[in-house]
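What follows is a single structure, written as structure tokens, with notes after it.
Residue numbers begin at 1 in each chain, while the letters A, B, ... track the order of the sequences.
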Amino acid sequence: MSTHQGNLVVYNSLSGQKEKFEPIHTNHVGMYVCGPTLYSEPHMGNMRTFINFDMIYRYLLVLGYKVKYVRNITDAGHITNSLGEAVDSIGNAARLEQMQSLEIVYKYNVKFQELQRIYNLLPPSIEPTATGHIQEQIEHIEKIIENGFAYVVNGSVYFDVKKYSEKYEYGILSGRKVDELAEETRVLNAQDEKRFFADFALWKKANPEDMQIWRSPWGDGNPGWHIECTAMSTKYLGSHFDIHGGGMDLKFPHHEDEIAQNCGSLGCNPAKYWLHANMLNVNGQKMSKSLGNYFLPKEIVDGTTELFDKPYSPNVIRFFMMQAQYRSNLDFTSDALNAAEKGFTRMSDAVLLISKLKTSATSSFNVDELIASFYEAMNDDFNTSILVANLFEAVKRINLINDGNDTITTQDLAKLETEMLRFIYDVLGLQILTENSNEKLAPVMDLVIDLRQQARENKDWTTSDKIRDGLAAAGITIKDGKEGTSWG
RNA sequence: GGUCUCGUGGCCGAGCGGCUAGGCACCGGUCUGCAAAACCGUCUACUCCGGUUCGAAUCCGGACGAGACCUCCA
């Protein structure tokens, strides 16, 4: 258990303020994060949200909390589009690819698992699926009807926002007022089954062409978009848990409706703290399919997106993201990524240096203070930007010690190493590659470097430069250092 | 149109009343056969106009600009 546990402050979207983090049950944290809808491969923007909540999960673990982290998988695609019409996004994708819904879901789930591995995401405690919890969703809907906050029309069930507003505040999270919403929204169509424009579907009667159909007390159909999260969060975390997270764009209507459903069935807001991660921008605008500034997490790693002229390692991407706070916008540009790549290399080099440092009788700077600054940064609403800055402060110290301009005791060095690795590996989720592990090339390179060294000792600069340039042409960079020559 | 965020040095990105992060680039230096790399140092910015204050990038008002949400979206 960490002594830093009591000092965490988080920004709660519900209050619009930073609040002291106090779990409902001491030392235990329940966290629910809205996961992907598996009708396509998650894009980089999706990944930013998952990476940010992975970082939050990691830090809570480092603080010593016992965390139950639930992230759902939406594999039932019945949702409504902007016209209020039912759209089966997974079914549509399936038809397009001439597959069945479950094949589509399976296919993209495999891809998603691969991305989690590539980007070093810790697996959640559980990843429940919507289709695995149809019964729970139906029971939830029944309870909402019982409580008088929903009505049945032609085999579909709708949430009654007007009725709900008499007892609860619809719009509490997003700051919307039902009356204001009314003014700006289109008139209901004649064929619309909803009584009020803001009402939303809890259960939708099946269309003959739907690939996924379930039985319910109201006939065959599909669950609405929001009810799965309510059903699953309740099942695994209870009616009221600590953290509910997701992307900023889910605030309304998704999370707003989750709150309404939870209040409507169980009488309380599902979560104590609502955390929202900000969007990812590419060249100044939110990444989206329609704007063409869209790329996949795999493409940027493989270098196959035309938006960037070179590939970047997942660690560099993660590091780049961690340089911004999760609530800020982050703009992906080549310049910014290149800068992050160099910065990450510098940090990595320093980390590899730690174990080789010479210790002294005294430390010339306050190591405890430096370490405390790591926790202070993270305790302030997971401010990874400040954390990275403070880690670079440590990087500078490590280099100064290496150059003999600073000193550190054995004890302090051990502490510094432990804490730096904790924050870089365990909190930020970065991986630093230790050695060049190309088994066949390594002895060859040792030989080549040895030959070049001989040439240099003989002042045969023509030969030594020829070797250097030849290797460079082959994509191998030679670095001459004090301790010898390295390559990569 | 409504609601809300935000405008920080060449680029990214913190800070949220005084101590003016950090990374990258630039420049200077150390090292080096030369170079690269590495390391050290330097560089002092807050869109504009008013106001509050002893003091504002930070608070208030206004202008201009950008972005997000307003039933697809992480």
Quiz item: Can you list every pair that meets salt bridge (Lys or Arg N to Asp or Glu O under 4.0 Å) and has a residue in residues 331-353 of chain A, with sequence neighbours left out?
Solution: A:Lys310-A:Glu341

Quiz prompt | Set of residues satisfying ring-ring contact (aromatic ring centres under 6.0 Å, His included) with respect to A:Phe50, sequence neighbours excluded | solution = A:Phe112

Please list, for nucleotides 6-12 of chain B, all pairs of protein and nucleotide N/O atoms separated by less than 3.5 Å.
none

Quiz item: A:Arg468 side chain N/O closer than 4.0 Å to the phosphate oxygens (OP1, OP2) of B:rA36?
Solution: no

Practice problem: Please map the stems of RNA chain B, keeping only stretches of three or more Watson-Crick or G-U wobble pairs with both distances under 3.5 angstrom. | Solution: B:1-7 with B:64-70, B:10-12 with B:22-24, B:27-30 with B:38-41, B:47-51 with B:59-63

Quiz item: Does B:rA74 have A:Phe50 stacked on its base, where the ring centres are within less than 5.5 Å and the planes differ by under 30°?
Solution: no

Quiz prompt | A:Thr74 and A:Glu228: side chain donor to acceptor below 3.5 Å | solution = yes

Quiz item: Which pairs pass ring-ring contact (aromatic ring centres under 6.0 Å, His included) with one or both residues in residues 313-360 of chain A, sequence neighbours excluded?
Solution: A:Phe295-A:Phe332, A:Phe319-A:Phe344, A:Phe320-A:Phe332

Practice problem: Identify whether any heavy atom of A:Ala277 sits under 4.0 Å from a base atom; if not, whether one sits that close to sugar-phosphate; answer base, sugar-phosphate or nothing. | Solution: nothing

Quiz item: For A:Thr129, which residues count as a side-chain contact (heavy atoms from CB on, under 4.5 Å) partner, sequence neighbours excluded?
Solution: A:Ile73, A:Asp75, A:Thr131

Distances for protein N or O near nucleotides 25-27 of chain B N or O, under 3.5 Å:
| from | atom 1 | to | atom 2 | distance (Å) |
| --- | --- | --- | --- | --- |
| B:rA25 | OP1 | A:Lys342 | NZ | 2.8 |

Exercise. Return the set of residues passing salt bridge (Lys or Arg N to Asp or Glu O under 4.0 Å) with A:Asp450 (not counting sequence neighbours), or none when no residue passes.
Key: none

Self-check item: ring-ring contact (aromatic ring centres under 6.0 Å, His included) partners of A:Tyr273, counting only residues at least two apart
Solution: A:Phe21

Exercise. For A:Ser125, enumerate each residue passing the side-chain contact (heavy atoms from CB on, under 4.5 Å) test, keeping only those at least two apart in sequence or located in another chain.
Key: A:Tyr57, A:Lys68, A:Tyr69

Quiz item: Tell me, which pairs form a salt bridge (Lys or Arg N to Asp or Glu O under 4.0 Å) where one or both residues lie in residues 114-123 of chain A, sequence neighbours left out?
Solution: A:Glu114-A:Lys298

Exercise. For residues 389-400 of chain A, pull every pair meeting salt bridge (Lys or Arg N to Asp or Glu O under 4.0 Å), keeping only residues two or more places apart or in separate chains.
Key: A:Arg397-A:Asp406

